[in-house]
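First comes the structure, then the notes that go with it.
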Protein chains: 2
Amino acid sequence: MANSLTMKLEQFIRFEQLDRQRLDRLLSFPTKTFARGDVIIEEGKEVRNIHLLLTGLAARAKVLADGRRQIMAFLVPGDLCDVEVFVLRAMDHNIVAMTDTTCVLIPAEVIEGLLTESSNITKALWWGTMVDSGILREWIIDHGRRGAREQIAHMFYEMLIRHRIVGETTDDSFSFPITQDDLADATGLTPPHVNKTLQELRAAGLIEFKNKVLTVLDAQRLRNAANYESGYLHLNRTEKGDHEVSERAGDLVSAAKQSMLGRAVHNVTSAIKHSR
Amino acid sequence: MANSLTMKLEQFIRFEQLDRQRLDRLLSFPTKTFARGDVIIEEGKEVRNIHLLLTGLAARAKVLADGRRQIMAFLVPGDLCDVEVFVLRAMDHNIVAMTDTTCVLIPAEVIEGLLTESSNITKALWWGTMVDSGILREWIIDHGRRGAREQIAHMFYEMLIRHRIVGETTDDSFSFPITQDDLADATGLTPPHVNKTLQELRAAGLIEFKNKVLTVLDAQRLRNAANYESGYLHLNRTEKGDHEVSERAGDLVSAAKQSMLGRAVHNVTSAIKHSR
DNA sequence: CGTTGACTTGACGGAAGTCAAAAGGTGTGG
DNA sequence: CCACACCTTTTGACTTCCGTCAAGTCAACG
C-alpha cells in the first residue's frame, strides 16, 4: 500500500527522495486496529503517540450531555489524528472509528525528530493543520448557510477530492463506510431527512451510495449542486482539474508500491483485510 | 495599554520577563486602523505582515456566490489574524472589521525571529492556533446540534470568557459591536429570528445587549442555557467560574523538546524566507 | 427635518424535526 | 438452510422551528 501521508503532503510540496524515505519509515512503527464504533482517542486523554490513520475511516466527534452527537471532521487515510498533543494538555474531543481502521502509532519524539531534520516536512505538516482548519471553516458554512441537499453534496464532493488525493478512488468511486445516522450527526440533520435528501441526490443521477461505497456519477454536477468553491483545501499542485488529481495520485501509488516499505505495509494491511 | 496578546498567551504558560519584553516589542510596530465594514485581509491575498488585533472586533467571513455570508470566527484583541501566511500561499477567507479596529502590522520575519528566540513563545503561539481550531469545532456543534437560543447563548458565553481573558470586561460587561445582521451571519440564522431569540434571552434575565455593549447578567444561567462545556478553550491556568486546572504547562514539553521545537521552527521559517 | 441604518413586528410558508412503524439486509445459531 | 435477531434504511403523518417578506419603528446624524 502506498504511503498516503506522503501522497497527501505532496499536494503541497514535492519531496526529495530522502524526505520520502523519512516519511516511509513512519509506517514501520507498530500499528493498532480498531473496530467500528471504537474510540480511537478519548476526550480528555493525554496522548503520547501520534496516530496516523492508514486504512478505514474515522471522525472527530463530541457527544453532549443529553446525548446529541456532532461529527466535526472525517479522517481519511493519510490524516494525522492528534497533532495537538505537542502543545495541549488533553484532547477536547473524541476520535472514533467509523469502520474497522488501522493506525500507526508514532512516538511523539519521532515526529519531533522529523521536524528538526527536514524543514520541508515541517512545512508540509504545518500545511496539513492549516488545511484542517480550512475544512472546519468550510463545514461551518455548510451548517450555517447551505441547505440539506447542498450540504450533503458538498460533503460528498469534498470526500471525493480527499480520497482522490490519497489514491483511494477508482472512477470516482470510493469506500465511505458510514451509516445514514452518522451522516446525520455530521451534517446536523436527522436520519429521516438525510434519507430523503440522499434519495433526491440519487434520483438526480449525481451519486450512488450503497454497500458503504459512494460513487460519484457526475462530479461536475455534484460540484455545482454543492456550490463548491475550491481553494480551501489548498491543493497547490492541482485541484480544479479533478482529473489531474486522480492522474497524479495514480502515479504516486505506483511509485510508492515500488519501495520496499510500501510493500511491507501492503502486506500488513492486506493481512488485516483478509482476517475479517 | 496592556498587551492583550501576552495576556491571552499567559492563559497557557507563564512567561519570563524576557519573553514578555519580546512580546511587548511587537506593539511598537506600525499600526493600521480600519473602519467598520473594511476588509482587513482579503481572500486570495498574499500577506507579508502578520496582523495582530489590538482594539475593536473583527471576523473571519466568507461570501458565497449568491450573496449568502457566513462568519466563521470572531477575532478579539490579542488575536492574530493570519498565521497561515507562513505556509499557505493565500488566505482562503476574508478578515473584516466589525467595528473600527486597530491592528499592529508585524513583519513576518519578526515573528519568525521570535519563534527561534523563544521556545515558550513558540509553544504559546502554537497553542493559540490549536485553540482556534477548538473554537471552530465548537461552532460546528453550535450550528449542527444546538437550537437558536442555545447557540446564541453559547456564543455570548464564549465571547464573555474570551474578553475576560484579555481584560476587556468590567462586571461581565463588554463591548460587542455587532449588529443583529452580523449575529445572524455568525449563527446561520436570519435577522428576524435572531431578534426574537435575543428578546427571549433578555426576557429570561440572562443578558442585556444595547448600544453595542453586551452585559451578562447571570453568567451561570447563561452558561446553562448554552449547555456550555468548558475545555475547548484550553485555559490551563483558569477559566474563572470553571473548575480550575492544575498549572503545569511547563511540564507538558520537556526542556529537550523545547529546543527541538525551536530548531524545527527555525528550519521552517528560514526555508520559507529563502523560498520567497 | 429627512435620511439612513438598525431594530422590531407579524403573517405566512417551508424546510427540517419527531415519532413511530415497517421493510430490507446480514450474520449467526440452531 | 432456515430462522431469528439485529442493524440499517425507508416511509409517512404530524409538528415545530426557523425562513421569507414585508411593513413599520426608532435613534442618530447630516
Side-chain angles (χ1 to χ4, degrees), chain A residues 35-38 57 64 66-71 97-100 142-155 175-203 207-214 225 227 275-276, chain B residues 35-38 57 64 66-71 96-100 142-155 175-203 207-214 225:
Chain A
R36 173 188 156 78
D38 282 359
L57 183 76
L64 300 184
D66 57 7
R68 287 176 292 182
R69 187 175 78 138
Q70 177 70 43
I71 289 175
M98 307 305 284
T99 182
D100 295 352
D142 282 338
H143 285 79
R145 290 300 184 213
R146 289 194 237 256
R149 188 169 344 174
E150 209 178 347
Q151 187 180 358
I152 292 183
H154 196 277
M155 166 166 302
S175 164
F176 194 42
I178 62 172
T179 67
Q180 293 185 4
D181 280 39
D182 296 329
L183 197 47
D185 284 337
T187 54
L189 302 167
T190 50
H193 202 250
V194 165
N195 184 280
K196 279 168 198 165
T197 310
L198 281 180
Q199 290 182 47
E200 287 176 22
L201 292 176
R202 280 192 272 246
I207 58 148
E208 209 171 81
F209 187 27
K210 61 181 175 193
N211 298 326
K212 311 294 182 205
V213 171
L214 178 63
N227 270 113
S275 68
R276 283 190 200 147
Chain B
R36 170 184 159 81
D38 281 359
L57 183 76
L64 299 184
D66 57 7
R68 287 175 293 182
R69 187 175 78 135
Q70 176 70 44
I71 289 175
V96 297
M98 307 306 285
T99 183
D100 295 352
D142 283 338
H143 286 79
R145 290 296 183 215
R146 290 194 237 255
R149 186 171 345 176
E150 209 179 346
Q151 187 180 358
I152 292 183
H154 196 276
M155 167 166 301
S175 163
F176 194 43
I178 62 172
T179 67
Q180 293 184 4
D181 281 38
D182 296 329
L183 198 47
D185 283 339
T187 54
L189 301 167
T190 51
H193 202 249
V194 165
N195 184 283
K196 278 167 199 165
T197 310
L198 281 179
Q199 291 182 46
E200 287 176 22
L201 291 176
R202 279 193 272 247
I207 57 149
E208 210 172 81
F209 187 26
K210 61 182 174 192
N211 299 326
K212 311 293 184 205
V213 171
L214 179 62

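Proteins come first, then strands; the chains are lettered A, B, ... in the order of their sequence lines, and each starts at number 1.
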> Using a heavy-atom distance cut-off of less than 4.0 Å, which residues of residues 181-194 of chain B contact DNA chain C?
Replying inline: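 Residues of residues 181-194 of chain B that come under 4.0 Å of DNA chain C are, in numerical order, B/Pro192.
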> Which residue, B/Asn211 or B/Gly147, contacts DNA chain D at a nucleotide closer to its 5' end, judged by nearest heavy atom?
Replying inline: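 This one resolves to B/Gly147.
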With respect to the phosphate group of [N], does any side-chain polar atom (N or O) of [X] fall under 4.0 Å of OP1 or OP2?
{"X": "B/Arg149", "N": "D/dC18", "value": "no"}
{"X": "A/Asn195", "N": "D/dT8", "value": "no"}
{"X": "B/Arg145", "N": "C/dG17", "value": "no"}
{"X": "A/Arg36", "N": "D/dT8", "value": "yes"}
{"X": "A/Lys210", "N": "C/dG24", "value": "no"}

Side-chain donor/acceptor of [X] to backbone N/O of [Y], under 3.5 Å:
{"X": "A/Arg149", "Y": "A/Leu201", "answer": "no"}
{"X": "B/Asp100", "Y": "B/Arg36", "answer": "yes"}
{"X": "B/Glu150", "Y": "B/Ala225", "answer": "no"}
{"X": "B/Arg69", "Y": "B/Ala186", "answer": "no"}
{"X": "A/Arg68", "Y": "B/Arg145", "answer": "yes"}

> At what distance, to the nearest 0.5 angstrom, does CD of A/Gln70 lie from CG of A/Asp185?
Replying inline: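 Answer for the CD-CG pair, A/Gln70 versus A/Asp185, is 7.0 Å.
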> How many angstroms lie between CZ in B/Phe176 and CG in B/Leu183, if you round to the nearest 0.5 Å?
Replying inline: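 Spacing of CZ (B/Phe176) from CG (B/Leu183) equals 6.5 Å.
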> For the side chain to side chain contact (heavy atoms under 4.5 Å, CB included) test, which of A/Thr190, A/Leu198, A/Thr197 pairs with A/Val194?
Replying inline: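 Only one of A/Thr190, A/Leu198, A/Thr197 forms a side chain to side chain contact (heavy atoms under 4.5 Å, CB included) with A/Val194, namely A/Leu198.
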What nucleotide, of [options], holds the atom closest to the side chain of [X]?
{"X": "B/Lys212", "options": "C/dT8, C/dA6, C/dG17", "value": "C/dA6"}
{"X": "A/Gln180", "options": "C/dG10, D/dT10, D/dT8", "value": "D/dT10"}
{"X": "B/Thr179", "options": "C/dT9, C/dT26, C/dA6", "value": "C/dA6"}

Between [atom2] of [N] and [atom1] of [X], the distance in whole Å:
{"X": "A/Leu214", "N": "D/dT9", "atom1": "CG", "atom2": "P", "result": "13 Å"}
{"X": "B/Arg68", "N": "D/dG19", "atom1": "CZ", "atom2": "P", "result": "13 Å"}
{"X": "B/Lys196", "N": "C/dT9", "atom1": "NZ", "atom2": "P", "result": "10 Å"}
{"X": "A/Leu198", "N": "D/dT8", "atom1": "CG", "atom2": "C1'", "result": "13 Å"}
{"X": "B/Gln199", "N": "C/dA6", "atom1": "CD", "atom2": "P", "result": "18 Å"}
{"X": "A/His143", "N": "D/dC18", "atom1": "NE2", "atom2": "C1'", "result": "17 Å"}
{"X": "B/Asp142", "N": "D/dC18", "atom1": "CG", "atom2": "C1'", "result": "17 Å"}
{"X": "B/Leu201", "N": "C/dC7", "atom1": "CG", "atom2": "P", "result": "15 Å"}

>> For a 4.5 angstrom cut-off between non-hydrogen side-chain atoms, does B/Arg146 reach A/Leu64?
In response: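 In short, these two side chains touch, coming nearer than 4.5 Å.
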> With side chains defined as the heavy atoms from C-beta onward, is the minimum distance between A/Leu189 and A/Ile152 less than 4.5 Å?
Replying inline: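 Touching, per the 4.5 Å side-chain cut-off.
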> A/Ala148 or B/Phe209: which one's nearest nucleotide on DNA chain C is closer to the 5' end?
Replying inline: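 Residue closer to the 5' terminus by nearest nucleotide: B/Phe209.
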> Under 4.0 angstrom, heavy atoms only, what part of the nucleic acid is B/Arg202 near: base, sugar-phosphate, or nothing?
Replying inline: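 The residue B/Arg202 makes sugar-phosphate contact but no base contact.
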> Which string of ( ) [ ] | and . matches DNA chain D, if you list each base 5' to 3' and count Watson-Crick or G-U pairs only when both distances are under 3.5 Å?
Replying inline: ||||||||||||||||..||||||||||||
